[in-house]
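Data block below; observations after.
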Amino acid sequence: MAARLSIRTLNGNLTRAHLPDVQVHLALPKRFLGAAIVLVVCLMALFAPQIVPGDPSQIDARSRLQAPSLEHPFGTDAFGRDLFRRVVHGAQPSLGVSVFAVALGAFPGILLGMMAGRRGRWLDHLLTQVMDAWIALPGVLLALLLAAVMGRSLVVLTLALGVGTIPMFYRVARAETLRIRSALYVEAAVSLGADSWRITRAHVLPNIASSMIVLCTVMVGRMLLATSALSFIGLGAPPPSPEWGGLLAEGRTHMHEAWWLMWFPGLIIALTTFGFYLLGNSVRDQQAGE
Amino acid sequence: MKTTRAILLAVTALVLLTGVLTTGAQDNNVTMIVTRDPVSLDPQSTLDPGAPILLAYIYDTLVYQAEDGRILPSLAESWTVADDNLAITFDLAPGVVFSDGAPLNADAVVYTFQRLQEIGQRSLIYSDIMNVSAFEKLDDLSVRFHLIQPSATLLSALTYPYAGILNPAAVEAAGEAYGQQPVGSGPFVLDSWIPENTLTFVPNPLYGGHRPWTEAQTPPAIDKLTVVFSTDESARASALLANEADIAYFASGSQVSRFEGSADFRILESPGRALNFLGFNTGRAPFDNAAVRRAIGQLVNKDDVLLLAADGVGEVVNGPLPPTIFGYNPELDASAANYDPEAAAATLAEHGISPEHPVSISILTSTFPTFSAIATILQAELAAVGINAEINVLDFSAVREIAVAGDYDILITRYDWNDPDVLWRYLGTANQGNTNRYFYGNPDLDALLQQGQTAFDQDARFDIYAEAQRMILEDAPIIALYMPVTDVVVSNRLQGVSLLHSHVVLEDATLAP
């Protein structure tokens with residue numbers, strides 16, 4: 001009992017006395033690191049053909065399953081394709097799916113959330129019920145259904161993931177709208193005769209924008225993981241797309257003799273997700289500071 | 001504190017118990033991993049190439065084919081062919097019974113093949129059986145097959161488990177469900193079947209060792225054979241290494257190499273009779289044109305395909321027959337469309353296909369190991385000449401449906417057969433919509449292949465098939481890739497195991513304690 005108590009005290013001391021300092025020291029590299037990772041990945045997505053020229057699907061039987069070397073920094077896969085080139089070229093489909101999926105979820109989600117938060121009453125009830133039911137439907141199931149009906153493609157993948165995120169955006173947008181609606185200055189604006197549209201545009205939207213941006217960055221990271229997971233179970237981008245989850249899944253067959261096939265795609269997925277989380281976190285911290 | 005300790009103790013005990021139970025459960029049971037669920041164990045209504053290796057546990061055939069190709073007696077102790085080649089009389093071995101105790105006699109044989117004729121074109125041996133005009137029971141143990149025309153292929157067709165002898169009473173009693181409740185005279189009986197998960201077989205207590213290729217005179221010594229399914233070769237290898245399985249099939253070398261030189265496992269190799277090939281949908285553009293099809297044959301680097309898809313395990317084949325089938329003729333290689341990508345690109349450009357004027361096609365294949373890798377290689381090679389291919393990898397029955405409906409351009413598939421008559425089965429006009437999924441029909445080829453079915457003189461037959469192969473190479477409805485070799489890795493815990501045409505013979509198997 002005594003030991004436990006002392007730890008708790010120590011914890012308490014630490015938190016109170018040192019944490020603010022620690023936070024200041026961590027915040028800068030955190031923000032920098034997150035932004036740097038995201039920037040690098042975005043550059044890879046935009047300029048892959050310039051960074052590593054050549055066709056990422058080019059098969060070369062002679063350089064099959066080669067370990068990482070100067071010529072092939074990430075090694076080569078079972079078809080003799082350069083893994084570094086595939087990872088760099090894979091940034092576009094991987095990131096593309098995630099960003100478009102988030103956009104697909106964010107627009108209707110935020111719009112409906114604001115409508116529900118602003119109007120309230122029966123519309124709010126109805127939408128919230130629908131969204132609650134929606135959230136109960138697992139994203140993977142939705143992806144399976146869509147893939148079964150529409151076939152396997154990047155568009156289907158984006159659609160499946162994007163539609164699944166609508167409720168999250170809806171819920172946050174609605175809560176934020178409700179919070180701002182009840183703020184004193186908004187009530188003042190109402191009493192001054194401002195119409196509903198003006199309140200939304202001038203007060204609600206600017207105030208929820210930053211929290212929505214945070215949500216978006218965090219969701220991009222999450223979508224990236226989801227894309228990889230779906231690709232891994234064979235619902236992702238069709239071959240020969242170098243989408244990262246697909247690379248990971250392809251690497252599984254030969255992982256016993258070629259560790260690099262799963263290691264590098266896994267690493268890039270983990271790093272990118274981490275980068276987006278850091279970025280989202282630092283944006284949120286900054287807001288909290290303000 | 002006392003509670004915590006009690007919980008800890010309970011958990012430890014449970015863990016220990018689990019360990020004891022799992023190791024104990026393995027004792028005299030054999031687990032085998034195969035590629036896929038056979039869908040049905042009715043030998044007459046399955047075209048699944050995965051079925052024969054399992055059907056052979058349940059059913060016996062009149063004759064069997066040894067590894068060296070000779071056709072030898074099995075249920076039929078002997079047979080005599082009439083002088084005019086229009087009748088074959090089989091004399092059955094006495095004393096063989098089905099697993100339910102019913103005698104295996106002439107009535108069962110007659111019933112089996114009459115049922116096959118009635119059931120229609122769902123079996124690979126259908127055309128051979130349709131050549132029989134009557135099955136005549138001479139006495140309880142002899143049956144005469146009256147043929148419509150002399151057949152050089154009937155006996156080899158009868159060696160397949162598709163020609164397994166059925167128990168009439170069991171078939172009638174099960175009705176539609178017979179495919180899930182098979183009854184045969186083989187060394188094992190089906191105990192339970194969880195579709196797409198596990199099949200379990202137990203020894204047939206009435207098995208008396210009538211199979212001439214095994215020594216056992218009693219039911220198998222193992223208690224249970226569990227068959228599980230996995231299309232993932234690395235998962236199969238891992239299951240073996242984790243002692244979760246004793247036997248596993250492999251279609252490519254990379255996983256098998258994990259067992260080379262191992263003290264705990266050995267590798268059995270079955271000389272292949274199979275051919276992996278590309279088939280074209282000749283019923284629609286762009287592959288309705290023989291020149292375009294031949295160009296694809298020149299575009300495909302078969303050495304690369306063998307190396308990349310199967311880790312080099314197998315043999316590149318140019319003509320439509322692999323070296324292990326009668327009729328294989330290396331002289332034909334000269335007329336094959338050999339690897340020449342420049343010539344291929346030029347031909348395709350003449351027909352309006354080039355990177356500047358690309359076309360889109362679909363490649364269809366099944367989840368069979370190596371097939372999706374072949375598709376990936378083909379896709380890259382096609383992309384270089386302006387053919388954008390979409391790959392559809394589906395399960396066997398879905399592939400059959402789509403292929404028969406003609407909703408594909410290139411099919412990556414294989415055949416596994418012991419006679420050049422396989423060309424008739426896969427390319428004969430009469431087999432369109434069944435085994436001929438290429439919408440290919442060539443009356444000249446049909447005539448030759450039908451001649452081959454009735455030619456008994458080996459030299460004449462060889463010449464007929466040489467001409468047929470030349471015709472197929474010219475028209476290129478299919479492009480041979482390579483002859484695969486099936487490797488079966490067996491745990492050394494299990495002794496007395498052999499292979500007979502990819503079927504794992506377990507009659508003589510014993511397990512180390």
Side-chain angles (χ1 to χ4, degrees), chain A residues 1 3-4 54-66 75-83 85-86 89 144 147-157 231-243 246-262, chain B residues 1 230-238 240-241 250-260 300-312 339 341 355 362-363 365 367 369-384 388-395 398 402 407:
Chain A
M1 264 321 199
R4 220 180 276 169
D55 179 4
S57 325
Q58 182 67 48
I59 283 173
D60 180 6
R62 276 151 303 151
S63 53
R64 166 165 204 259
L65 290 177
Q66 288 183 359
T76 61
D77 71 3
F79 296 103
R81 299 178 294 201
D82 182 61
L83 191 60
R85 186 189 287 152
R86 281 179 77 69
H89 283 254
L144 268 169
V149 175
M150 299 170 66
R152 201 178 145 186
S153 77
L154 282 177
V155 176
V156 171
L157 190 61
S231 292
F232 195 79
I233 59 170
L235 291 174
S241 169
E243 193 275 319
L247 292 186
L248 201 63
E250 281 172 16
R252 194 175 41 158
T253 326
H254 291 276
M255 68 178 178
H256 297 279
E257 73 253 48
W259 55 270
W260 56 91
L261 289 181
M262 290 192 85
Chain B
M1 277 308 205
S230 164
T231 51
D232 184 338
E233 296 228 315
S234 68
R236 268 182 267 166
S238 302
L240 277 178
L241 289 167
F250 292 94
S252 69
S254 73
Q255 299 301 325
V256 175
S257 62
R258 291 167 71 184
F259 300 95
E260 274 162 15
V300 179
N301 185 337
K302 295 176 183 179
D303 294 315
D304 276 10
V305 170
L306 179 63
L307 177 67
L308 297 176
D311 303 281
Y339 182 57
S362 81
I363 297 176
T365 193
T367 50
T370 70
F371 283 4
S372 62
I374 297 174
T376 304
I377 300 160
L378 184 65
Q379 185 185 45
E381 286 173 330
L382 291 173
N388 300 320
E390 173 201 28
I391 298 175
N392 290 308
V393 182
L394 301 165
D395 73 54
I402 293 175
D407 194 12

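Remember, predicted model here, so these are calculated numbers, not experimental data.
Contact of B:E233 with chain A is not made at all, since no heavy-atom distance falls under 4.5 Å. Neither the backbone nor the side chain of B:A375 comes within contact range of chain A; no heavy atoms are under 4.5 Å apart. Contact annotation for B:S238: only side-chain heavy atoms (C-beta onward) come within less than 4.5 Å of a heavy atom of chain A. Residue B:D303 does not touch chain A at all, counting heavy-atom pairs closer than 4.5 Å. With a 4.5 Å cut-off on non-hydrogen atoms, A:R62 does not touch chain B at all. Both the backbone and the side chain of A:P240 come within contact range of chain B, judged by heavy atoms closer than 4.5 Å. Only the side chain of B:Q255 comes within contact range of chain A, with heavy atoms under 4.5 Å apart. When heavy atoms are compared at a cutoff of 4.5 Å, B:I391 approaches chain A solely by way of its side chain, counted from C-beta outward.
When all heavy atoms of B:A380 and A:S57 are compared, the pair lying nearest together is CB-O, 3.8 Å. Pairing each heavy atom of B:L308 with each of A:I59, the nearest pair is CD1-CG2, 3.5 Å.
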Working for side chain to side chain contact (heavy atoms under 4.5 Å, CB included), residues A:R81 and B:T376: CA-CA 12 Å; A:R81 299 178 294 201; B:T376 304; 3.6 Å; yes

Worked check of side chain to side chain contact (heavy atoms under 4.5 Å, CB included) between A:E257 and B:S254: CA-CA 9 Å; A:E257 73 253 48; B:S254 73; 3.5 Å; yes

Worked verdict on A:R252 versus B:D232 for side chain to side chain contact (heavy atoms under 4.5 Å, CB included): CA-CA 10 Å; A:R252 194 175 41 158; B:D232 184 338; 3.5 Å; yes

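A salt bridge is defined here as a Lys NZ or Arg NE, NH1 or NH2 lying under 4.0 Å from an Asp or Glu carboxylate O, and B:D304 with A:R64 fails to meet this definition.
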